[in-house]
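Note on naming: letters A, B, ... go to the chains in the order of the sequence lines (proteins, then strands), and numbering restarts at 1 for each one.
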Protein chains: 2
Amino acid sequence: MAGDRLGNLLERLGSLLHATQRGAAGAHGLQRVHLDVLGYLLRCNRYSDTPTAVGEYLGLTKGTVSQSLRVLEARGLLTREPDVHDGRVVRLRLTRRGRGTATRERDHAWERLRRGTPAQQRATLELGLERLLRALQAATGYRTFGLCRSCRFLRRREGGFQCGLTGDALSAPETGKICREHEAA
Amino acid sequence: MAGDRLGNLLERLGSLLHATQRGAAGAHGLQRVHLDVLGYLLRCNRYSDTPTAVGEYLGLTKGTVSQSLRVLEARGLLTREPDVHDGRVVRLRLTRRGRGTATRERDHAWERLRRGTPAQQRATLELGLERLLRALQAATGYRTFGLCRSCRFLRRREGGFQCGLTGDALSAPETGKICREHEAA
DNA sequence: CAGATTAGTATCGACCCGATACTTTTATTT
DNA sequence: AAATAAAAGTATCGGGTCGATACTAATCTG
């Protein structure tokens with residue numbers, strides 16, 4: 001009885017955020033998904049700034065992503081450059097304008113949420129949501145897209161960090177970004 | 001620093017659920033929104049089974065709702081009948097088939113979530129989400145769409161309940177449904 | 001070196017969604 | 001009581017999403 005309360009809450013919250021985001025995007029003459037893409041690029045590390053990663057993160061197909069990227073490029077919000085090492089791969093980079101709108105919208109969204117949750121309750125809520133998210137990701141087989149910092153491949157080195165998968169050196173701020181290759185510790 | 005963690009979690013969870021629902025709907029040859037509509041009609045009371053209410057609940061415009069309802073009616077999942085007392089309003093009713101698919105999908109969705117959250121943690125998570133939802137609804141001015149049971153208009157009567165707004169008698173199970181006119185106590 | 005895999009684009013069709021215009025019914029005002 | 005406003009829906013159009021399919025090009029595997 002009423003066992004689907006969690007589901008209803010999430011659905012309801014989803015609809016509400018959905019509508020709000022649609023409004024915010026519309027003010028820029030953009031689509032909701034476009035802001036999602038910009039937000040992702042703002043938070044992802046250098047291994048994860050490709051069309052495929054965007055699609056996996058947002059749950060879209062390659063075709064859909066390709067189309068949306070074309071729009072964003074046409075509006076001067078990001079650039080597409082072929083990767084140096086792998087000719088198949090495209091690297092996405094936010095332009096100054098793109099970074100600006102992404103940052104601004106992120107802050108607005110965050111402000112809306114901050115007003116909705118007292119600080120002491122927020123921590124527990126975040127913990128619960130994180131657990132739920134991990135469990136769902138495990139169940140569906142999707143990538144976790146966690147922060148580099150929490151990855152089992154991360155190694156500490158003198159004066160910094162290192163990715164155990166690629167061998168690259170990593171700066172401290174970079175370990176706070178989203179990585180496509182992330183695997184929970 | 002990392003103050004937008006809650007926002008990121010919700011966004012991420014949203015994308016994941018979004019993709020999952022899209023898959024579930026696709027299996028029925030339907031759109032994600034269509035299942036949302038069926039789910040709402042399964043849970044709403046008799047004051048809230050109209051196109052306008054659906055739109056407010058899901059954050060869609062009248063036009064979009066009207067179109068989606070046409071699809072659902074054409075597939076025999078619901079019926080549209082003019083209201084007896086007010087010639088402008090249309091009453092939506094799930095058909096047997098509609099009720100069937102709605103119930104089935106609701107159970108599947110719930111099952112997916114249940115596997116993701118241990119029972120003792122679920123209660124706190126639900127509480128936190130509920131608070132967040134109410135705060136956001138208050139901030140955006142949207143209707144709360146709470147359960148009749150928690151409404152300030154509800155009155156207890158000998159052998160049942162009564163809605164203080166319409167004066168109608170209410171059965172016990174009916175007080176567990178969503179009401180468009182709901183106002184928190 | 002021949003397949004198999006991977007990253008991405010192109011195109012098509014169904015559909016969403018907002019905007020606008022419209023109809024019909026009910027409320028409100030004068 | 002008549003005139004006006006407001007509310008509930010529908011119809012239609014256009015831009016855009018999204019999945020499916022087909023395709024190209026680059027890289028990996030054997």
Does [X] make a side-chain N or O approach to OP1 or OP2 of [N] shorter than 4.0 Å?
X	N	value
A:Thr61	D:dC18	no
B:Ser66	D:dA11	no
A:Arg22	C:dC17	yes

5′-ward residue of the pair B:His85/B:Arg32 relative to DNA chain C: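 Between the two, 5'-proximity favours B:Arg32.
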Would you indicate what [X] reaches in the nucleic acid, counting non-hydrogen atoms under 4.0 angstrom: base, sugar-phosphate, or nothing?
X	value
A:His34	sugar-phosphate
B:Arg91	nothing
B:Val65	nothing
A:Asp83	nothing

B:Arg114 with B:Glu111: basic N within carboxylate O range, under 4.0 Å: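 The answer is yes: the pair qualifies as a salt bridge.
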Whole angstrom value for the distance that separates [atom2] of [N] from [atom1] of [X]:
X	N	atom1	atom2	result
B:Leu60	C:dC17	CG	P	5 Å
B:His18	C:dC16	NE2	P	12 Å
A:Lys62	C:dT11	NZ	C1'	14 Å
B:Arg80	D:dA8	CZ	P	16 Å
A:Glu81	C:dT9	CD	P	13 Å
B:Gln67	D:dA8	CD	C1'	17 Å
B:Gln31	D:dT17	CD	P	15 Å
B:Arg75	C:dA14	CZ	P	12 Å

Base of C:dT6 paired with side chain of A:Arg88 (donor-acceptor, under 3.5 Å):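 Pair found.
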A:Thr64 side chain, from C-beta outward: closest of D:dT27, D:dA8, D:dC18: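 Among D:dT27, D:dA8, D:dC18, the one nearest the side chain of A:Thr64 is D:dC18.
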From CA spacing to verdict: side chain to side chain donor-acceptor pair (under 3.5 Å), A:Tyr47, A:Thr166: CA-CA 10 Å; A:Tyr47 305 128; A:Thr166 66; 2.8 Å; yes
Ring centre gap for B:His28 and B:His34 strictly below 6.0 Å: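 Between B:His28 and B:His34, the centre distance exceeds or equals 6.0 Å.
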Between A:Arg70 and A:Gln67, a side-chain donor and acceptor under 3.5 Å: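 No, because no side-chain N or O of A:Arg70 sits under 3.5 Å from a partner of the opposite role on A:Gln67.
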B:Tyr57 side chain to B:Arg43 side chain, donor-acceptor N/O pair below 3.5 angstrom: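 B:Arg43 and B:Tyr57 do have a side-chain donor-acceptor pair below 3.5 Å.
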First of B:Val89 and B:Arg70 reached from the 5' end of DNA chain D, by closest nucleotide: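 Its nearest nucleotide lies further toward 5', so the answer is B:Val89.
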